[in-house]
Each structure stands twice: as structure tokens, then as C-alpha cells.
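Below is one structure, written out as C-alpha cells, with a few remarks after it.
Counting starts at 1 for both ligands and their atoms, in listed order. No hydrogens, no waters, no symmetry mates; every other heavy atom, side chains included, goes into these values.
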Amino acid sequence: MFFNEEFETLPRPALEALQLKRLQAVLDRVYDNVPFYKKTFDATGIKPSVVTSLDDLQKLPFTTKQDMRDSYPYGLFAAPMEEIVRIHASSGTTGKPTVVGYTQKDISTWSELMARSFVAAGAHKGDIIHNAYGYGLFTGGLGAHYGAERLGASVIPISGGNTKRQIMIMQDFGSTVLTCTPSYSLFMAEEAQVEGVDFKSLKLRVGIFGAEPWSEEMRNEIERKLNLTAIDIYGLSEIMGPGVAIECIEAKQGLHIWEDHFIPEIINPDTGERLPEGERGELVITTITKQGIPLIRYRTRDITSLTYEPCVCGRTHARITRMSGRSDDMLIIRGVNVFPSQIEAVLVGIEGIEPHYMLIVDRQGTLDTLTVQVEVSEHLFSDEIKVLQALSRRIEKEIKDMLGVTCTAKLVEPKTIQRSEGKAKRVIDNRKL
Ligand code: DLL
């Protein structure tokens, strides 16, 4: 099933011809309208006209999050304010947020791409979409909302929070599709249990989860606890919001990135060189149709790889693999690189613990220490101390064996680690303090 079959299945040569045409147009537009781009292109001696093939994109300089911060709030906008109909911002963990603006046409494109994403995930007209992404400056809520309406489904704009009420509404309104962060979905499962509501009795069929890294093991856990098919959706406010890429329900093997609007590249984050198909590195995206704030070679800092292998679903658009995290989320513990999602994958595989955890990094003298706080299942917690000690040692050993990092596992009582209604916070790094 497709939302826009013609564009979703465009043969590669036609798709690439369209990309080149749109790329050339956007380069002219930013060069003429955004002083930042005129300056950076001129500094590297490049005129938009040097781009005569998609490969030539590599000649252009990158745009970074810092560039967006430096031009806070509206400096990178390519359209006059009179044409901007919506403003979103991402809550940077440090300093000022990153601000993005959308023209009417941008909102329309975003809605179409989110509608395509819904269909790829197995949703359709007639579905009741329970949208628990946060509404507000965060792009998740409104992005999914407009997409659901474009699709013609019935959207429940419940936003995040008040989890008991969420469960009641899902039950009473007959929600068939759930959209929220993966961590929030697990919190819902937990609350449902407290309320005595069995997800098997609900009508939910598909969950569309994203906005934070999660693992394949977490997917299995969610599918089991919520009794639905869990689909991974990716996006970022700088590029658009949710719906930049999504898994198709037919394959669940990588996320199709909508290439008629975005050109993806994978680079070595240290050297900036483009990496060949299949290699993991930092995802760089060029937006080729955006009007409000087009970005050229934007460094997402997300780590993934890219494949152009044809997909069983019939979509011709490239796929990115599940994100292993952001290059800036990567923890370096005594020289070993680890992503929180890798630790999560180990934890979720261990019987007797819950998928709620917090990683605490400290420095004692010159030595980094990692403490993995994880909740024990209700039935185990009352057990003897010996059992708990054995479990801690098992966690420490599995993390050491799988990831090569030494840690201390600290088991905590059920429901003591803070739950999230949006993006989960998984790491406390005291080394930076
Ligand atoms: O999180 C947009 C979004 C909303 C995506 C709802 C999916 C669903 P930002 O707040 O700007 O935008 O955060 C973007 O979140 O660079 C990634 O690091 C991370 N991220 C988003 N989706 C995924 C995913 C929204 N599926 C940042 N897997 C991105 C891993 C993800 N990380």
C-alpha cells in the first residue's frame, strides 16, 4: 500500500534526475537568499552552478547545529517572515534552541511525507490514531497530527502525559494506531497493568515509535507488552520533524528516507569524507524542496548506514538502518565507545529485569566508572539477596562480554527510575560537571 505510489516507487534514474533538478534549484535559492550560504560557498570558491551531478554535492561545505545556533533565531531562513506560517524549535540540552520555520508549502510537504509514513507503517484511512507525541514547539505532535489528517484517518490529539487518561481513551475511543516515543509506550504498558487493562483487549494494531534511539530488543519487548507491531520512525526538527524516514511494515528492515525531498549521505564524522554504501557513519541530509529553512549537507550527528538495495515493499527510496545513537550521545568509558542503546540491548535480553535503566558515569581520579542502574521485576525483588547478587554479576558480565566495558550493576526497586512521557533521559554523566 502506498500513499503516493508514483513518487514512492519512482525508478531510480527518474528519482535521481528529480533530485538533481531540485538540488540545483535549492542551491540557487539559498545562495541568493541566505547570507550564510553565500558566505560559506564563496569562502570555498564554489558557485551553485558547479553542481552538475549528484556526486558534486560532496564539493559543498557542511551545515552544522552550531551554524544554526550562530544564526539564532531566524538567520538561516530563506523565505521572508510573511511567508512563514509555523515555527518549531528543538529544546537543545545546552544553550539556545534550534529554530525552524515552515511556509504553507513546507507544511503541506511535511503532511504528505507523514501520511506516506503512516501508510508505510500499515496505517490507513479509517484508523483511529492516538497521537501521544507532545504538541508544542516539539515537532512530534503537530507533525504526526497533520499527517494523520492528510491520510484521512481520525486523529486523537492527546499529546503526552496523564497516562491513566491515555489508557482510558485508548480503551473507550478504540484507538488502532499509537504514536509516541518507545520509552513512553513502555510506561503506558506499565500503567495499563496497574489499571488492570490488558493491551490484548485493546484495538491497537500498530505503534509508530521514534524521536529517541531504541534497540531491536526493545522493539520485541514493546510488541510483546503492547500486543502490536512496532515501527521505527525517524526525523529531526532541523530537517522537517517526524517522517523523514520510516520502516515499511512489509520488511521492517531499515527506514526508507523520502529521497524526492531529502538527499542522504553517510560520512566519516572525523574526516568528513563520504563513506560507501553499507558503512556506518554520520548521516548528512540535504533538503531539496524546503522553502522556510532549506539546509545543505546538514550534519545530523546520528549514526547509521545507508542501503540502496531494492526492498520487498516496492518503494525505491534508500533505507537507513536503525540509529545506534548520536555521535554526541556516545559514551567513551576508559577509551571504549558505547552507545546507551547497546547497553539497552544487553539489558532487555536478561530475564528478571525491566526495560527501565539509567547509566551513570563518574570519574574517580583519572578513571571513568560506569554504573548501570536497572529495575528488577516485581516478582524477583522480594527474593533472597543471593539471587539479586547473582543477577547483578550476570549483568556486569554480559555487558563486559558484549561491549568490552566494565560496569557496576545496581539493581533498584520496581518503578523507581524516572519514567518519561517524551524523550527518555538515559545517561547522567557527572564527568562534565
Ligand atoms: O525527535 C522528531 C521526531 C518526532 C521523530 C517524532 C520521530 C518521531 P528532534 O526533537 O529535533 O526531532 O530530535 C531529533 O532525535 O537527530 C535523533 O538523534 C533522535 N531521533 C529521532 N528519531 C529517532 C529514531 C524529533 N527513530 C533527534 N531513532 C534526531 C533514533 C531518533 N533516534
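- For ligand 1, the 4.0 Å heavy-atom shell takes in Ser90, Tyr133, Phe138, Thr139, Gly140, Gly210, Ala211, Glu212, Pro213, Asp232, Ile233, Tyr234, Gly235, Leu236, Ser237, Glu238, Pro242, Asp302, Met323, Arg326, Lys423, ordered by chain and residue number.
- With respect to Asp127 and Arg205, a salt bridge is recorded, a charged nitrogen being found less than 4.0 Å from a carboxylate O.
- With hydrogens and angles disregarded, a donor-acceptor distance shorter than 3.5 Å links the side chain of Tyr102 to the backbone of Met240.
- With contacts defined as side-chain heavy-atom distances shorter than 4.5 Å, the pair Pro242/Tyr133 does not qualify.
- Aromatic ring pairs are classed by plane angle as parallel below 30°, tilted from 30° to 60° and perpendicular above 60°; the pair His256 and Trp258 is parallel.
- Between Arg419 and Glu191 there is no salt bridge, since no side-chain N of the basic residue sits under 4.0 Å from a carboxylate O of the acidic one.
- Ion pair Glu396/Lys400 not flagged as a salt bridge, since none of the NZ, NE, NH1 or NH2 atoms sits closer than 4.0 Å to an Asp/Glu carboxylate oxygen.
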